[in-house]
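Chain naming here is simple, since letters A, B, ... match the order of the sequence lines and numbering starts at 1 in each.
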There are 4 protein chains.
Amino acid sequence: MIVLCRTDATPAQRDRILAAVRGLGVEPHVREQDGRFVVESASTSDAARCDLERLAGVERVFAGEPGAHLATSDHRATRTKVRVGDVVFGGPETVVIAGPCAIEGRDVLLEIARAVKAAGASVLRGGAFKPRTSPYAFRGLGEEGLRFLAEAREETGLPVVTEVMDPRDVPLVERHADMLQIGSRSMHNFALLAEVGRTRKPVLLKRGMSATIDEVLTSAEYLLSGGNEQVVLCERGIRTFETSYRHTLDVTAVPALQARSHLPVCVDPSHASGRRAFIAPLTRAAVAVGADAVMVDVHVRPDEARCDGKQAILPEEFAALVRDIGALDEVLRRTASARSPETVP
Amino acid sequence: MIVLCRTDATPAQRDRILAAVRGLGVEPHVREQDGRFVVESASTSDAARCDLERLAGVERVFAGEPGAHLATSDHRATRTKVRVGDVVFGGPETVVIAGPCAIEGRDVLLEIARAVKAAGASVLRGGAFKPRTSPYAFRGLGEEGLRFLAEAREETGLPVVTEVMDPRDVPLVERHADMLQIGSRSMHNFALLAEVGRTRKPVLLKRGMSATIDEVLTSAEYLLSGGNEQVVLCERGIRTFETSYRHTLDVTAVPALQARSHLPVCVDPSHASGRRAFIAPLTRAAVAVGADAVMVDVHVRPDEARCDGKQAILPEEFAALVRDIGALDEVLRRTASARSPETVP
Amino acid sequence: MIVLCRTDATPAQRDRILAAVRGLGVEPHVREQDGRFVVESASTSDAARCDLERLAGVERVFAGEPGAHLATSDHRATRTKVRVGDVVFGGPETVVIAGPCAIEGRDVLLEIARAVKAAGASVLRGGAFKPRTSPYAFRGLGEEGLRFLAEAREETGLPVVTEVMDPRDVPLVERHADMLQIGSRSMHNFALLAEVGRTRKPVLLKRGMSATIDEVLTSAEYLLSGGNEQVVLCERGIRTFETSYRHTLDVTAVPALQARSHLPVCVDPSHASGRRAFIAPLTRAAVAVGADAVMVDVHVRPDEARCDGKQAILPEEFAALVRDIGALDEVLRRTASARSPETVP
Amino acid sequence: MIVLCRTDATPAQRDRILAAVRGLGVEPHVREQDGRFVVESASTSDAARCDLERLAGVERVFAGEPGAHLATSDHRATRTKVRVGDVVFGGPETVVIAGPCAIEGRDVLLEIARAVKAAGASVLRGGAFKPRTSPYAFRGLGEEGLRFLAEAREETGLPVVTEVMDPRDVPLVERHADMLQIGSRSMHNFALLAEVGRTRKPVLLKRGMSATIDEVLTSAEYLLSGGNEQVVLCERGIRTFETSYRHTLDVTAVPALQARSHLPVCVDPSHASGRRAFIAPLTRAAVAVGADAVMVDVHVRPDEARCDGKQAILPEEFAALVRDIGALDEVLRRTASARSPETVP
């Protein structure tokens, strides 16, 4: 059993909570976590648990393994809006994030940034630190890439999102980016989550390739319990038995996460399928299923891309896709349930 | 190596093909399958295989394990249109199939049939033979259910689709139904596929819950090689590690099947998610990703349904959904690639 | 809610049961299934369910979806022994089934049969009806193959097991075989299960490639509720994301099935891995984890095999493996928990 | 295409390699990684690639995406032996690692350490830093735990292995531990892998819960290319559709990793199944399939454990299991192929 106290629980309330746990005949372990008093003990009866939950200073009691709390719709019934510059995730319009998978150089990044801006993107993406399964693959330009990204923001006015992989890089990436991305392979990197949770930058948290809906929420909880409430969740394809495409885009995750959580949900169809021909239909599916945002790989010369070129679409294809998204948004706004309502269902 | 001969290969051509295989130094096994001469042997060089493929009377040569041929876009580059009554699968409009999961009685079926007809469905679904994991679950009304279904067709004018599970039932179901459904659990029931392949009824072939794209096509091949070319493929959710919903709807399968095959593709969002709240968003996703048809469970009193009531939506919810589908169809018709083009890409 | 009555429930008991269900305010649906009276209704309270379970003539009450009953250790606490000729599945020794994947001809079958007999096999396997994903693959010799198999039994004295795929073939296969195999792809072929359940031949029921432990038991339940209690379950690899080997052998299924059920459990390492080099280590793992039987593909000339040759081992490799199995059996007999005890844990 | 140069490639050799790539008409990107010159370019013909591989100073050329090299049996054909104190992983005996999942306190750790030593363990495990899906779960005692672990080593003489989760903690953990564990959730934490690759401590690298065999090897490659060659791979269960047990222990991974790599392979049956009753049979399976080591959770009072108590066995159960392992080792030593031979097959 885990008793999660409120951040404003007084010492007297904490003492009464501890006494109540001891009164159940179980010895509590106590810790301070992210400014929150946490009491852990062997499990007891349901009735005793309910009594504890009614004590002043108690936020939530978990019977067995603790799960998410702040990230859930139990905790907050109105939808969270995440603001990145002037862009709002969780509002009536689908936010479109676009750009190259990896930043490969100053000129090619600026060329792509101008193209996606012209086509109607709202946020620019681009990786300076790239997680790669083999140590011999291109791992990104690092700090130099971040400077190119900042320059692209200055020129286009688009806010930028970029991945941070190492807790030691958080201050550096925070300085250059408008939104920090936690990649799929880092969703269970708890040291990184804790560090990013201490910043006040908006976060794009990608689902691990074999993470359940519950695990996406407990990873978000690390960010929220650290004090960072500006979190957008992102479905990007899961690992299944199917080998005809890289990953299986799990569109059901969108309404499922929206029902369980108050946080906005983004979809990345590019990494999911890994195939250029499927990006447009999957993006349309993401919008139609109710995603609050989509993130699309765009490249001016995909065949020369140093990372994931096979999944990048051309600027002109992207422009057509942005028009589709707008038309779908219009249709969906007319249907009550198609878009995240103000309150969680 | 498998050499598939044309159905019109002459005895002289067959002899020359056999001689050519023997000339490669491998002993052929020969069989007659669905009126087609098939030559099997140990594998040989790529060059030898190419030579064989050029012989008169040869349809296709598979190097190792044989796969699909007639079902693929290699064999036919124009999209197949499947006609069920006046309804066309594979045309510019999304076909909407709706009805109860199981036929529970005459009156309730007629009530649902009228409701889905009024709401705009094109085809009525309803199961008389239900595959159930436990022998103690309700397994359907059998022949009586088929008669109710036929009556519902007479009254509403909607063509009807219903599942056949047992090769011995094919003549019976064929007599009552306009379209035969092969369920997920039967996708690898080769005796059933062979029997249904001998009929000339349109078929709705559902993907097995752990079947790959390749396997969907080889199962379709059993039907096509039997002479039945009226096949609609149906994605209905696959089995993954995620337990928040029954199955994971694999929307990528839609463009993937449309790229590999000339057959129309349907999506069943009801069986995929198993949850009423997700049916409408998933149906919209299916239409947006380019499905040629959708199949939705509808029930007038879902809480009283004897099978899968949790996934059925009400007639009024269904009516709103049909309006969404129409609006999405209109948007998508304006985008070149969003709908199955006349030819396979 | 499903109320399963005892097969010997009297009409008076049935009436009292029906009255009790109606007394809960829910309308029952009634059916007769495999000589058993089954009452189905909307779910009610736990308390009401417990009351029903105590009524005379009631065998079991399922709250929601019905599951397995006769196949579970709730129903029978002593381990079932399945006898095929003189061979006992579920006793102190690991039963070794061996032979070719498919029967390819009389002479090669007899050659293999003699070899596996000499090496120490207890049961001969060989497929006359082969489920193949493509219609163009070799599907077995059919009835001719069954006659060859019977001849091999006469000569070697080994009882024979062979697959039946079509409910219409059950009488034919029953006539020739000592044990009927239900293949992975047929685990959810309920028409076939019902037909085999009506025979009194021992059955080897293979787990579907994406079937859960629960589903293996409900499929077995179809056989047991039909009156056939001679069922051996068989783990043969499941479908996962891993592509380095054909399937992932799930050894945990062995103790899991033995804990949930009283039926013996076999393991097929050949179909699981699909690779010759892995057969011996996986067979040893199967024995060490406590399997009651193993089934191994053996071929005298694997490279000429018409089906799954890559997974067959040579007679001399098989002979060494049988010696390993014997040595492992001896070690494991000394450990109390390593072998199926007389009673289910 | 990636050209990996030898660490001792001379500047003249590098120049000739670069010239050769340019001669193919593709522009190379060049980087220095872990003291190794790496040349990246667009892919070219197979023939050109083979020519490059023959140039002096070239270690390996990857056609498309780079994979593992140093970790594979292509690079080294003799089995690597990893030494931790006097203990040898990869020798004729199964190494047994045992201890509590988490270090909960000084006294309980010493109690368990003495017990596993007495029962025959060779290495003591215990977590000071625990990766937990929820921020509210017990995350370990940190540095204090490491000191308790060092004390347990002093008293028992057992070398100790413990997890490191954060690249910033590597120097601290390195100071106290004899072997560094990279947990499942960190297998793709490339910053951590790089930091641990710079140490010269032996490493236990656990397979990610949805990592393929190939990915296990590329993660090991990060360690080896950093200069740390003392790596033991560890299978600990993968995520599948089956929910009757926490993970599915993939025993086929053992011979598969041993065939692809020269590194020793460990199995963790405790985290795989998450159920006490399955630990002993799964450990026996791991030994029988040929694992070089096993790692077992042991606790003196599992019901009071603050982490994963359900999967810990008691010291007396562990002692019996160690006897089984010894008996199995003896049987397996008699079979040529059952144990890692000196050379990779």
ask   = Taking NZ, NE, NH1 and NH2 as the nitrogens, is one of them in A/Glu174 or A/Arg198 under 4.0 Å from a carboxylate oxygen of the other?
value = no

request  = Counting only heavy atoms closer than 4.5 Å, note whether D/Arg36 contacts chain A via side chain, backbone, both or neither.
outcome  = side chain

note = Rounded to the nearest 0.5 Å, the CZ atom of D/Arg185 sits from the NZ atom of D/Lys206 at a distance of 9.5 Å

message = Measuring centre to centre across the rings, with the benzene-like ring taken for any Trp, is D/His188 within less than 6.0 Å of D/Phe190?
response = yes

request  = Test the A/Arg306-A/Phe138 pair against the cation-pi criterion, namely NZ or CZ under 6.0 angstrom from the six-membered ring centroid and within 45° of the ring axis.
outcome  = yes

query = Where does D/Glu215 contact chain A at under 4.5 Å (heavy atoms): side chain, backbone, both or neither?
reply = side chain

query = Is the shortest distance from a Lys or Arg side-chain nitrogen in A/Asp74 or A/Arg260 to a carboxylate oxygen in the other one below 4.0 Å?
reply = no

query = Can a salt bridge be assigned to the pair A/Glu235 and A/Arg207 using a cut-off of 4.0 Å between side-chain N and carboxylate O?
reply = yes

query = Side chain, backbone, both or neither: which part of A/Asp34 has an atom under 4.5 Å from a heavy atom of chain D?
reply = side chain

key: Region of D/Glu65 that comes under 4.5 Å of a non-hydrogen atom in chain A   = side chain

request  = For residues D/Cys307 and D/Glu104, report the shortest heavy-atom separation together with the two atoms involved.
outcome  = N-OE2, 4.3 Å

ask   = Which region of A/Glu40, side chain (C-beta onward) or backbone (N, CA, C, O), has a non-hydrogen atom less than 4.5 Å from a non-hydrogen atom of chain D, or is it both or neither?
value = side chain

request  = Go through the atoms of D/Ala211 and report whether side chain, backbone, both or neither lie under 4.5 Å from a heavy atom of chain A.
outcome  = backbone

ask   = Does a side chain donor of either A/Ser244 or A/Glu242 reach within less than 3.5 Å of an acceptor in the other side chain?
value = yes

query = Taking every heavy-atom pair that is under 4.5 Å apart, which of D/His69, D/Glu27, D/Arg168 has the most such pairs with chain A?
reply = D/Arg168

key: Interchain contact, A/Thr133 with chain D, by part (heavy-atom threshold 4.5 Å)   = both

message = Can you tell me which portion of D/Glu195 sits under 4.5 Å from chain A's heavy atoms? Options are side chain, backbone, both or neither.
response = side chain

query = Under a 4.5 Å heavy-atom cutoff, which of D/Thr218, D/Leu217, D/Ile2, D/Val38 has the most pairs with chain A?
reply = D/Thr218

inquiry  = Is D/Phe129 in contact with chain A via its backbone, its side chain, both, or neither, using a 4.5 Å heavy-atom distance?
reply    = neither

message = If we define contacts as heavy-atom pairs under 4.5 Å, which of D/Pro167, D/Ser225, D/Pro131, D/Ala42 has the most with chain A?
response = D/Pro167

ask   = Should the pair A/Asp303-A/Lys310 be classified as a salt bridge under the 4.0 Å nitrogen-to-oxygen rule?
value = no

query = Is chain D contacted by the side chain of A/Ser41, its backbone, both, or neither, given a heavy-atom distance below 4.5 Å?
reply = neither

